[in-house]
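Below: one structure, written as structure tokens.
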Amino acid sequence: MRACPPLLAEADSRPQLPRLGGMARPDGVVIVSERFWAFAGSDGTLREGAMPGSRFDRIPLLRGVMKLAAAFAPVFRRSGVAGRRERRILAMLVVAPVGFVFLPAAAAWIAWGLVSAALLVWIFRGRTLRLHGAEHRAIAAVEERRLAATWAGEACPSRFSWRCGTNFAALVVPVTAFADRIWPFAPALYTPLLVTVFSLALTMELWRAVQASPWRAARILLLPGLGLQRLTTREPALEETRVALTAVEAVLRRELG
């Protein structure tokens, strides 16, 4: 059995640790902090990098869009975890809906559904579902200060997370429908793109407010996404959890070093 990295045991006794997020991939787990990211592969490889900074943290709406863009930095950067072919496919799937404005409404909805399905299949291919659960478990272990016990398999933090991107995605749908109804400007060719960007920014502000709220009742808004996580995660094996914890250790080493 692989020994627990000493830093994980040390981190359990720390009163303050950075807030972490993450992203599961078919071949490993990305863990990110505000300043750094690390990718631990299922094959034992480890890649690390710096997260992009932002000068817009105090500007509502704009800060949300920039935060979303930064979240994909480990994937879309040339030095990131995705190869050139994968970056091109993902970019194509993300950008393609912009062209649907030229289609009749019925055809546009069909095309949007097909692209969304293709994007989900691509994102959750391979071992992603189990590694997604491992990512949540590793981050929960940080927050509960049970890193060493989780590595040893003695603790089993939840594979579900209130801060998962699935929760954000579930919020985007009703917010987009709302934004489309209240959009005050005359329809134009670029309107769908503007409504989409505005909806993402508005959802991020709502997301931030719910996460920071002292009232647990605010989390009711996240329940649909939490339910969806039963589809987007699977119970990880201990070795898969250790992959995520390896990425956690790499980020904490740089944050605390």
Side-chain angles (χ1 to χ4, degrees), residues 17-43 45-98 115 119-120 122-128 131-132 134-136 138-139 142 161 163-169 171-172 193 196-205 207-208 211 225 232 243-257:
L17 289 176
R19 193 176 193 185
L20 303 180
M23 179 189 307
R25 291 180 47 77
D27 55 347
V29 175
V30 178
I31 295 293
V32 302
S33 67
E34 288 291 333
R35 300 190 298 164
F36 304 109
W37 64 264
F39 170 74
S42 301
D43 59 358
T45 57
L46 180 67
R47 301 176 68 178
E48 301 175 73
M51 293 293 287
S54 176
R55 301 177 180 178
F56 308 103
D57 290 341
R58 297 184 178 181
I59 304 177
L61 298 181
L62 183 57
R63 63 189 175 190
V65 174
M66 300 307 296
K67 190 77 172 180
L68 284 172
F72 289 95
V75 175
F76 282 105
R77 280 188 168 181
R78 289 187 178 181
S79 58
V81 300
R84 179 182 299 179
R85 177 172 172 270
E86 182 178 0
R87 292 199 303 270
R88 287 177 176 174
I89 291 174
L90 284 173
M92 180 184 68
L93 290 174
V94 170
V95 174
V98 176
V115 168
L119 183 60
L120 289 174
W122 182 263
I123 290 174
F124 291 111
R125 69 195 189 278
R127 299 171 65 186
T128 304
L131 289 169
H132 192 194
E135 171 221 323
H136 289 175
I139 293 173
V142 174
S161 171
R163 293 192 286 113
C164 176
T166 305
N167 299 16
F168 178 84
L171 275 178
V172 166
L193 177 60
T196 299
V197 173
F198 175 71
S199 300
L200 290 172
L202 194 59
T203 303
M204 182 58 78
E205 293 299 321
W207 174 264
R208 287 167 60 98
Q211 297 293 334
T232 62
V243 169
L245 288 171
T246 298
V248 166
E249 190 270 343
V251 171
L252 291 181
R253 172 169 40 80
R254 300 181 74 183
E255 283 282 357
L256 305 177

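No hydrogens, no waters, no symmetry mates; every other heavy atom, side chains included, goes into these values.
Under a cut-off of 6.0 angstrom, the local environment of CZ in Phe72 is sparse, with at most 12 non-hydrogen atoms contributed by other residues, nucleotides or ligands. Heavy atoms from other residues, nucleotides or ligands lying under 6.0 Å from CD of Glu34 number 12 at most.
The shortest side-chain heavy-atom distance between Phe36 and Glu255 falls under the 4.5 Å cut-off. Residues Arg163 and Phe168 are not in side-chain contact: their nearest non-hydrogen atoms beyond the backbone lie 4.5 Å or more apart. In this structure, Leu202 and Ser199 have side chains that are not in contact, with every pair of non-hydrogen atoms separated by 4.5 Å or more.
Annotation for Leu131 and Ser42: closest pair CD1-OG, 3.9 Å, computed over non-hydrogen atoms. Ser161 and Asn167 get closest at one heavy-atom pair: O-ND2, 3.3 Å. Residues Val81 and Phe39 share a closest heavy-atom pair of CG1-CB, 3.3 Å. Minimum interatomic distance between His132 and Thr166 (heavy atoms only, all atoms of both residues): CE1-OG1, 3.9 Å. Summarising the geometry of Val32 relative to Pro74, their closest heavy-atom pair is CG1-CG, 4.2 Å, with the distance given to 0.1 Å. Of all the heavy atoms in Met51 and Ala70, the pair that sits closest is CE-O, 3.3 Å.
Remark: Leu61 CG to Thr203 OG1 distance equals 10.5 Å, nearest 0.5 Å.
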Show the atom names and distances, to 0.1 Å, of all donor-acceptor pairs under 3.5 Å that link a side chain in residues 17-28 to residues at least two apart or in another chain.
residue, atom, partner, partner atom, Å
Arg25, NH1, Glu86, OE2, 3.0
Arg25, NH2, Glu86, OE1, 2.9
Arg25, NH2, Glu86, OE2, 3.4

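Side chain of Arg254 to backbone of Gly49: a donor-acceptor contact under 3.5 angstrom is found.
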Arg63 vs Glu205, side chain to side chain contact (heavy atoms under 4.5 Å, CB included): CA-CA, chis, key distance, verdict:
CA-CA 9 Å; Arg63 63 189 175 190; Glu205 293 299 321; 2.8 Å; yes
Check step by step if side chain to side chain contact (heavy atoms under 4.5 Å, CB included) holds for Met66 and Ile59.
CA-CA 10 Å; Met66 300 307 296; Ile59 304 177; over 6 Å; no
